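This report concerns only the one structure given below.
Predicted, not measured: the structure shown is a model, and the values here were computed from it.
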Amino acid sequence: MVEVGIQIPTKSFDPFAEARESDGPGAKEYVHIRIQQRNGKKSLTTVQGLRKEFSYEKILRDLKKEFCCNGNVVHDKELGKIIQLQGDQRKNVSHFLIQAGLVRKDQIKIHGF
């Protein structure tokens, strides 16, 4: 019989260590970008899950100027603040949030269709 030497690592691997150590923007949380169908071909894009310390009104103002659409901030008891925009702005919003450095690409979940 041949005996094989197995080395056991002294330091265990923690898959969540990066999330705990990361003080980056939006750490540990996902930002959900959803679309809701209104009537006909009208739709509504919602952004939920941004950090509470961000100024939602300033983000909304920049999104409205960038994409030439209207929108508002809705306060929900369970979900907190939610940004609503007119039209299907899912890809535009995700690119904007990444470019502005508000969230990382792996923290964005795009829902719908």
Original post:
Going through the distances and angles, do Q36 and T46 end up as a side chain to side chain contact (heavy atoms under 4.5 Å, CB included)?
Top reply: CA-CA 8 Å; Q36 295 177 349; T46 60; 4.3 Å; yes
Original post:
Are I83 and T45 close enough, and set up right, to give a side chain to side chain contact (heavy atoms under 4.5 Å, CB included), and what steps lead you there?
Top reply: CA-CA 8 Å; I83 296 176; T45 303; over 6 Å; no
Subject >> Pairwise distance NZ(K64) to CG(L85) - rounded to 0.5 angstrom >> reply: 9.0 Å
Original post:
Are L79 and I33 connected in a single hydrophobic cluster, I mean Ile/Leu/Val/Met/Phe/Trp/Tyr linked by side-chain heavy atoms less than 4.5 Å apart?
Top reply: no
Original post:
How far does NE2 of H75 sit from NZ of K77, to the nearest 0.5 angstrom?
Top reply: 13.5 Å
Original post:
Do you reckon L44 sits in the same ILVMFWY cluster as L97, going by side-chain contacts under 4.5 Å, direct or chained?
Top reply: no
**OP:** Could you grab the distance from atom CZ of R61 to atom OG of S55, nearest 0.5 Å is fine?
**Re:** 7.5 Å
**OP:** With rounding to the nearest 0.5 Å, note down the distance linking CD in E29 to NZ in K52.
**Re:** 7.0 Å
Original post:
Which heavy-atom pair separates S43 from D88 by the least distance, and what is that distance?
Top reply: OG-N, 3.4 Å
**OP:** Group every Ile, Leu, Val, Met, Phe, Trp and Tyr by side-chain heavy-atom contacts under 4.5 Å, then state whether V47 and V74 land in the same group.
**Re:** no
Original post:
Going hydrophobic residue to hydrophobic residue with side-chain gaps under 4.5 angstrom, can you get from L60 over to L102?
Top reply: yes
Original post:
Do Q37 side-chain atoms and K42 backbone N/O form a donor-acceptor pair below 3.5 Å?
Top reply: yes
Original post:
Which heavy atom in I35 sits nearest to a heavy atom in G112, and how many Å separate them?
Top reply: CG2-CA, 3.9 Å
**OP:** Provide the closest heavy-atom pair for F96 versus E66 in the form atom of the first, atom of the second, distance.
**Re:** CD1-CG, 4.4 Å
Original post:
Between K109 and Y30, what is the shortest heavy-atom contact and its length?
Top reply: CE-CE2, 3.5 Å
Subject >> L50 with F67, same ILVMFWY side-chain cluster at under 4.5 Å >> reply: yes
Subject >> Approximate separation, where rounding is to 0.5 Å, of E57 CD and D62 CG >> reply: 12.0 Å
**OP:** Look up atom CG in N72 and atom CD in Q86, then write down how far apart they are to the nearest 0.5 Å.
**Re:** 9.0 Å
Original post:
Should we say atom CD of E53 is surrounded by more than 12 heavy atoms from elsewhere, each under 6.0 Å from it?
Top reply: yes
Original post:
How far apart are the closest heavy atoms of F54 and I59, and which atoms are they?
Top reply: CB-CD1, 3.9 Å
